[in-house]
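Comments concern the structure below.
Below, all heavy atoms of this structure are taken into account, side chains as well, without hydrogens, waters or symmetry copies.
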Amino acid sequence: MDEAGQGRPDLADPDSFAGVDELGARAHDESDDTDPDLDAPDAAYTVGGGSRGGIGGIGQLGDNLATGPVPDLLGAEDAELHELDDQGIDEPAQNPNGPQARRELMAVEAELNQRWPETKIEPSLARIQALVTLLGEPNRGYPVLHVAGTNGKGSVSRMIDALLTRMGLRVGRYTSPHLQLVTERIALDGHPISAAHYVDLFRDVAPYVNMVDAASEDGVAMSKFEVLTGMAFAAFSDAPVEAAVIEAGMGGAWDATNVADADVAVITPIGLDHTEYLGPTAVDAAREKAGIIKPGSVAVIAEQDPDVLNLLLKRAVDVDAAVARAGSEFGVLEREVAVGGQMLKLQGLGGVYDEIFLPLHGAHQAANAALALASVEAFFGAGKERQLVLEAVREAFAEVENPGRLERVRAAPTVLLDAAHNPMGAQALATTVTDEFAFRRLVAVVAVMADKDARGILDALEPVVSDIVVTRNSAPRSMELEDLNELAISIFGEDRVLAEPDLETAVETAIGLVEQSDDPEEPLAGGGVLVTGSVVTAGEARTLFGKEPV
């Protein structure tokens, strides 16, 4: 019971929020036999400033009309206009990504950053379910393709978005984390929403977030990720979209995104990551990620370790979901390295798609393309002899943008950025660099988060780089420079390791290393710099090289 003797809303019972206003106050307790006091002040109205708040005495959060100055919209031509009158002059539209919008965005981010970050969670869907219920279930207004896994989720999500958009649908995309700006996480029509739109979304959902926080009996408020997930669902409902591509944040079963029931559940390769929450083995992680496979859905599964695959298939059988597996129902038939990417021949659920140019490097990206294609085929119900339009598929893949994934940001010397942040990602990166690039000398710039497997990342990179410059990014979780330097020396040897206090200096040092040579006969061309180790590291490097958020 709360102080007023009323029952606190129960997160497990969405109906308990009935009759509760945005400040958490009940308008009337139906269990009370006495008549409600119709003259009692409205809580929101009081907070909004009562008769002094807002235009015409309307409280900023209330709905009560009181006396106050009223605009004279029909005044005589020679009458002096009131300051609130509509004078028929169009105000210049504010740039939705301009300085004022960015300032407001930063203020919202500062407020959201007071909440738990994505690295700290209380596994439960109760809070996000309560929020979407209060918002009118915006998570159920459109079909969903839900993407979970350890690596490749962001790439696959972008490819699915590109394919659906080219097929003529209006698409919403929710991914995490972002590289440079938080607005990247919520995309409409293939582009991040504006700063102003992000701010408006937050202001729209904030009162309901406060209600959920107030109802939390264990004192755990909504996390930042949970709030952003609610904002994304609301944005897609408001648009409205015809399909939503939703990337799971961590896990699957209890990830906030899982309040959406996917029509297509997409599972990328599963390995070890977030072991403190997902368990010490890949099978443990798969058990959580399998939770996005819902009754009656189609599960589209990338190539997996046999034990992981068996667990995913068991989940599909348990919920009566259809299954499409890489290497069986779909896959990469042919792959050839090309200038700026690769040419592919893909086996889809509906047949063969040839002459596909993908402007991304690596066999793992080819596999991601096959997974994305099969997912979109499943979404449209494609099957044997029911192909998607081949030319549309070609155009969609040719236009895919995937920032921070072996992205070239400078030509001489070549500077590549990659967001690899775990050993699986680092190994795919190392393989791609070996197979598709021919650097005379390659220097890595690495900054890793303290909670990641830094040794596994460095072990994967050691055979393919000549030297390494260790540093820190701006995140509080960035591994201490002294610790990373010591670890790098133990793997690379002291002669191959340099340490710099910040990313900008580290990049400059790396460029200097590849541009110098002790042998006057050795050509200076063919040097490269690889910046990697974290999504934050790749994002900050993009900003250093003048790249705009995509």
Side-chain angles (χ1 to χ4, degrees), residues 113 117-120 149-155 175-182 184-185 224-225 247 249-250 271-277 362 364 402-407 409 415-430 432-433 442-462 464-465 468-488 491-492 497-507 509-510 529-545 547 549-550:
N113 285 338
E118 286 150 299
T119 53
K120 184 177 181 181
T150 302
N151 286 92
K153 298 193 300 292
S155 298
T175 55
S176 61
H178 58 276
L179 278 170
Q180 294 167 275
L181 197 62
V182 70
E184 299 168 29
R185 296 181 180 226
K224 179 178 180 178
F225 183 73
E247 178 189 347
M250 186 191 302
L272 291 180
D273 204 5
H274 304 294
T275 54
E276 68 276 26
Y277 290 111
H364 61 295
N402 202 15
R405 273 72 180 179
L406 259 178
E407 179 184 17
V409 294
V415 177
L416 300 172
L417 314 180
D418 196 274
H421 58 278
N422 56 38
M424 180 185 284
Q427 186 57 61
L429 169 61
T432 302
V433 167
L442 180 64
V443 177
V445 174
V446 179
V448 183
M449 295 301 185
D451 57 347
K452 296 295 183 178
D453 182 0
R455 176 173 289 279
I457 294 171
L458 297 183
D459 280 339
L461 295 176
E462 191 276 332
V464 301
V465 303
I468 182 172
V469 183
V470 296
T471 187
R472 298 185 81 245
N473 58 46
S474 65
R477 292 190 299 120
S478 186
M479 190 172 184
E480 291 296 334
L481 182 57
E482 181 178 345
D483 296 337
L484 185 57
N485 184 52
E486 182 178 336
L487 179 60
I491 296 171
F492 288 79
V497 179
L498 290 173
E500 295 291 359
D502 60 80
L503 184 60
E504 183 174 5
T505 305
V507 171
T509 297
V529 173
L530 175 63
V531 185
T532 189
S534 164
V535 175
V536 175
T537 302
E540 291 183 358
R542 283 194 102 241
T543 301
L544 285 175
F545 284 93
K547 296 292 184 179
V550 178

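- In this structure a side-chain-to-backbone donor-acceptor pair under 3.5 Å is missing from Arg185 to Thr175.
- For the atom pair Leu417 CG and Glu407 CD, the distance stands at 5.5 Å (nearest 0.5 Å).
- Residues satisfying the salt bridge (Lys or Arg N to Asp or Glu O under 4.0 Å) test with Lys547, not counting sequence neighbours, are none.
- With a 4.5 Å cut-off on side-chain heavy atoms, Lys120 and Phe225 do not count as touching.
- Nearest heavy-atom pair across Asp418 and Thr532 is O-OG1, 2.9 Å.
- A 4.5 Å side-chain heavy-atom check between Val507 and Val531 finds at least one atom pair inside the cut-off.
- Of the inter-residue distances, the one linking Leu503 atom CG with Ser474 atom OG reads 9.0 Å to the nearest 0.5 angstrom.
- Residue Glu247 holds its CD atom at 5.0 Å from OG of Ser176, rounded to the nearest 0.5 Å.
- In terms of the side-chain contact (heavy atoms from CB on, under 4.5 Å) criterion, residue partners of Ala428 (sequence neighbours excluded) are, by chain and number, His364.
- Between Val465 and Val443, every side-chain heavy-atom pair lies at or beyond the 4.5 Å cut-off.
- Atom OG of Ser534 is separated from atom CE of Met449 by 3.5 Å, given to the nearest 0.5 angstrom.
- Contacts of Arg477 classified as salt bridge (Lys or Arg N to Asp or Glu O under 4.0 Å), with partners at least two apart in sequence or in another chain: Asp451.
- Remark: Asn151 engages Asn422, Met424 in a side-chain contact (heavy atoms from CB on, under 4.5 Å) (not counting sequence neighbours).
- Side-chain contact between Asn113 and Lys224 is present, with heavy atoms from C-beta onward closer than 4.5 Å.
- Within the 4.5 Å cutoff, no side-chain heavy atoms of Ile491 are placed close to those of Ile468.
- With a 4.5 Å cut-off on side-chain heavy atoms, Arg542 and Val550 count as touching.
- The two residues Thr432 and Gly362 come nearest to each other via the heavy atoms OG1-CA, 3.4 Å.
- Listed here is the closest heavy atom pair of Thr537 and Ala447: OG1-O, 2.9 Å.
- Closest approach of Glu118 to Met250, counting heavy atoms only: O-CE, 3.5 Å.
- No side-chain donor-acceptor contact under 3.5 Å links Thr471 and Glu500.
- Rounded to the nearest 0.5 Å, atoms CG (Asn485) and CZ (Phe492) are 11.5 Å apart.
- Residues forming a side chain to side chain donor-acceptor pair (under 3.5 Å) with Asp502 (at least two apart in sequence, or on another chain): Thr505.
- Residues Arg405 and Ser155 approach most closely at CG-OG, 4.0 Å, considering heavy atoms.
- Pairing each heavy atom of Pro403 with each of Leu179, the nearest pair is O-CD1, 3.3 Å.
- Here Glu462 pairs with Arg496 under the salt bridge (Lys or Arg N to Asp or Glu O under 4.0 Å) rule; sequence neighbours left out.
- If you take CD on Glu480 and CG on Leu487, they are separated by 14.0 Å, rounding to the nearest 0.5 Å.
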